[in-house]
Amino acid sequence: LIPIALITPVLALLVKLDSPGPLFFFQERVGRDGRRFKMVKFRSMKTDAEKQLAMLKEQNEGAGLLFKMKDDPRVTRVGKVLRKLSLDELPQFINVLQGRMSIVGPRPHAVAHNNYYSGKILAYMARHRIKPGITGLAQISGCRGETDTIDKMQKRVEIDLQYINSWSLWLDLKILVKTPFTLLSKDIY
């Protein structure tokens, strides 16, 4: 927590200087046993992102849900850097301290994504048998970035379930060591 405490004020200042709006972004996510919680991140999008999302959905009619996408016009300049380095995720340590998340585990998805994928991917909801994490096996296994197809999300779910079914302290340590190296991936946005 000490390194995070040192960098957080600098990141907060950059977010505030880059665009008007709140410092943090809160979104309802689904955690262990299907319990909902407000996940906190540094805001990386413009304040009118919801209006822009409606326009993007209209342009991409029939494409299903919009998850993270490359060259998202809603993302701010500082937000692009925060996302590329996953620094927008640092406030999630607040969720860890609250007991709603773990450092390692399946990434929590938004409620809308759970509703969408639970009927399309077998055992999707089994991911909620444990607390969600800031990082996880799927993230270090190359399943980051855009999930514009059911197959991509299916792969994430398979890896999440593999993690749950083979959990060990050693696996968590391995994931923690490998996570910083995955931040250099071209698929992060």
Side-chain angles (χ1 to χ4, degrees), residues 1-16 18-19 21-47 49-50 67-69 72 74-76 78-114 117 127-147 153 156-157 159-160 163-164 167 169 171-185 187-189:
L1 291 176
I2 292 172
I4 293 168
L6 296 175
I7 193 171
T8 297
V10 174
L11 297 176
L13 181 63
L14 291 173
V15 169
K16 289 305 270 181
D18 185 45
S19 66
L23 177 59
F24 297 112
F25 170 74
F26 295 90
Q27 186 178 46
E28 194 170 50
R29 300 286 174 111
V30 181
R32 184 178 187 171
D33 298 326
R35 287 188 217 114
R36 295 179 182 195
F37 69 98
K38 294 280 187 188
M39 189 178 77
V40 60
K41 299 172 91 170
F42 278 120
R43 182 177 56 82
S44 61
M45 292 190 173
K46 299 169 186 166
T47 54
E50 290 302 317
F67 210 40
K68 282 187 171 181
M69 61 183 149
D72 190 333
R74 302 170 297 158
V75 179
T76 65
V78 168
K80 286 178 186 174
V81 175
L82 292 177
R83 285 176 166 213
K84 180 72 178 161
L85 300 174
S86 294
L87 294 172
D88 61 323
E89 311 284 351
L90 289 179
Q92 289 172 35
F93 280 97
I94 294 168
N95 294 123
V96 172
L97 291 172
Q98 292 170 330
R100 296 183 177 121
M101 287 181 70
S102 180
I103 295 173
V104 179
R107 289 290 300 150
H109 295 154
V111 173
H113 293 109
N114 271 26
Y117 289 114
R127 310 169 64 251
H128 300 104
R129 294 188 316 216
I130 64 172
K131 286 181 187 177
I134 295 174
T135 188
L137 185 60
Q139 284 64 46
I140 67 160
S141 300
C143 291
R144 296 186 68 151
E146 201 167 20
T147 51
M153 184 58 81
R156 272 192 194 180
V157 170
I159 295 172
D160 287 341
Y163 168 79
I164 292 168
W167 179 88
L169 181 59
L171 180 57
D172 275 4
L173 292 173
K174 181 179 163 183
I175 291 168
L176 287 172
V177 168
K178 286 188 169 188
T179 293
F181 298 102
T182 66
L183 300 180
L184 304 175
S185 169
D187 294 326
I188 300 175
Y189 33 82

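As the structure is a prediction and not an experimental result, all values here were calculated from the model.
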Closest approach of [X] and [Y], non-hydrogen atoms and distance?
X      : Y      : value
Ser44  : Asp88  : OG-OD2, 4.4 Å
Thr47  : Pro22  : CG2-CD, 4.1 Å
Tyr163 : Gly105 : CE2-CA, 3.8 Å
Ser141 : Ile159 : CB-CD1, 3.8 Å

Under the side-chain contact (heavy atoms from CB on, under 4.5 Å) test, residues paired with [X] that sit two or more places apart:
X      : result
Arg35  : Asp33
Lys16  : Leu23
Gln139 : Arg107, Thr135, Arg144
Asn95  : Phe37, Met39, Val40, Gln92, Gln98, Met101

- Task: Taking side-chain hydrogen bond (donor to acceptor under 3.5 Å, both in side chains) as the test, write out the residues that go with Ser19, two or more places apart.
- Result: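 Partners of Ser19 by the side-chain hydrogen bond (donor to acceptor under 3.5 Å, both in side chains) criterion, ordered by chain and then number, come out as Arg43.
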
Distance from [X] atom [atom1] to [Y] atom [atom2], nearest 0.5 Å?
X      : Y      : atom1 : atom2 : result
Asn114 : Arg127 : CG    : CZ    : 6.5 Å
Ile134 : Ile175 : CD1   : CD1   : 13.0 Å
Arg83  : Thr76  : CZ    : OG1   : 8.5 Å

- Query: Hey, mind stepping through Glu89 and Lys41 against salt bridge (charged side-chain N to carboxylate O under 4.0 Å, His left out) and telling me if it holds?
  - Reply: CA-CA 5 Å; Glu89 311 284 351; Lys41 299 172 91 170; 3.4 Å; yes

- Task: Just say parallel, tilted or perpendicular for the rings of His113 and His109, cut-offs at 30° and 60°.
- Result: perpendicular

- Heavy-atom check, side chain of Leu137 versus side chain of Asp160, under 4.5 Å: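 Answer no - side chains too far apart.
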
- Message: Working note: Phe181 + Ile140, criterion side-chain contact (heavy atoms from CB on, under 4.5 Å); need CA distance, chi angles, decisive distance, verdict.
- Response: CA-CA 8 Å; Phe181 298 102; Ile140 67 160; over 6 Å; no

- Query: Quick one: ring pair (Phe, Tyr, Trp, His ring centres under 6.0 Å) partners of Phe24, sequence neighbours excluded?
  - Reply: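 Checked Phe24 against ring pair (Phe, Tyr, Trp, His ring centres under 6.0 Å); matches are Phe42.
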
